[in-house]
Amino acid sequence: MQKKIAVLLSTVALFAVQAGCHSSTTSRLGLPELKTVEQVNLSQYTGTWYEIAHFPQRFQKNCFGTTATYESRPDGWLNVVNLCHKGSLDGPVDEARGYAKVVDQSSNSKLKVSFFRPFWGD
């Protein structure tokens, strides 16, 4: 029984490592690196943002009316809630909750986001 559990845990760990090693969509599609602004005021950044365009992502397949909401936390991180409606603007809501942390605190212009710790994306 212990051997089966060890094999199962090893398999899960292998898949987790592989998932964390995938390249970003930008590099995978051979797109130029995205540029950031010089400075971001996080208190103005918080709130709900409405998507007007995106690079195709499998987790956004068949999504309409996509939003991202950022909320300040006392520890300096941000809560992140991504929402979309599946199939149409009247379709059921699909929600993903995560966290964001500032990468460069001198500018606040880059975040790392995690919806599934310990994996972080740009």
Side-chain angles (χ1 to χ4, degrees):
M1 181 68 166
Q2 286 181 333
K3 187 174 181 179
K4 286 182 181 181
I5 292 172
V7 169
L8 176 64
L9 290 175
S10 296
T11 303
V12 169
L14 176 64
F15 282 118
V17 168
Q18 285 178 333
C21 294
H22 282 253
S23 62
S24 70
T25 301
T26 304
S27 63
R28 190 176 68 246
L29 296 177
L31 300 170
E33 189 171 331
L34 298 173
K35 301 211 185 284
T36 61
V37 295
E38 289 183 27
Q39 186 71 36
V40 172
N41 179 330
L42 288 180
S43 64
Q44 291 179 339
Y45 184 79
T46 57
T48 300
W49 291 78
Y50 297 85
E51 180 180 85
I52 57 171
H54 69 267
F55 294 128
Q57 303 281 346
R58 72 175 176 270
F59 57 82
Q60 277 190 301
K61 187 174 182 173
N62 210 20
C63 273
F64 294 84
T66 301
T67 62
T69 301
Y70 297 88
E71 178 184 61
S72 296
R73 295 167 35 133
D75 60 6
W77 288 30
L78 299 166
N79 288 324
V80 181
V81 179
N82 289 350
L83 293 175
C84 80
H85 295 269
K86 288 295 190 172
S88 73
L89 289 173
D90 296 325
V93 172
D94 187 18
E95 176 182 280
R97 292 183 172 271
Y99 308 92
K101 60 183 176 180
V102 176
V103 175
D104 178 4
Q105 299 203 348
S106 65
S107 69
N108 294 332
S109 66
K110 288 187 180 183
L111 301 174
K112 289 278 188 188
V113 181
S114 177
F115 291 98
F116 181 70
R117 288 189 188 184
F119 304 106
W120 295 86
D122 293 336

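All values reported here derive from a predicted model rather than from experimental measurement.
- Of the charged side-chain nitrogens involved, none lies within less than 4.0 Å of a carboxylate oxygen, so that K35 and E33 do not count as a salt-bridged pair.
- Minimum interatomic distance between Q60 and E51 (heavy atoms only, all atoms of both residues): NE2-OE2, 3.0 Å.
- Within 6.0 Å of the NZ atom in K86, the count of heavy atoms belonging to other residues, nucleotides or ligands exceeds 12.
- Taking OG1 of T67 as the reference point, atom CG of N82 lies at 7.0 Å (rounded to 0.5 Å).
- Counting heavy atoms from C-beta outward, E95 and L83 have side chains that approach closer than 4.5 Å.
- Residue I52 holds its CD1 atom at 12.5 Å from OG1 of T66, rounded to the nearest 0.5 Å.
- Residues T69 and T48 have side chains that bring a donor and an acceptor to within less than 3.5 angstrom of each other.
- For W77, the side chain to side chain contact (heavy atoms under 4.5 Å, CB included) criterion is met by R73, D75, Y99, K101, R117, W120, not counting sequence neighbours.
- In this structure, the separation between OG on S114 and NZ on K112 is 11.0 Å, given to the nearest 0.5 Å.
- Atom CG in N62 sits 13.0 Å away from atom NE2 in H85 (nearest 0.5 Å).
- Note on V81 and V93: same hydrophobic cluster, where clusters join Ile, Leu, Val, Met, Phe, Trp and Tyr whose side-chain heavy atoms are under 4.5 Å apart, directly or indirectly.
- Atom CD of residue Q39 and atom OG of residue S109 lie 7.5 Å apart, to the nearest 0.5 angstrom.
- Side-chain contact annotation: D104 with S106, donor-acceptor N/O pair under 3.5 Å present.
- With a 4.5 Å cut-off between side-chain heavy atoms of Ile, Leu, Val, Met, Phe, Trp and Tyr, the cluster of W49 takes in V37, V40, L42, Y45, Y70, L78, V80, V102, L111, V113, F115.
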Practice task
Might you work through the side-chain contact (heavy atoms from CB on, under 4.5 Å) test for R97 and N79, ending with a clear yes or no?
Solution key: CA-CA 8 Å; R97 292 183 172 271; N79 288 324; over 6 Å; no

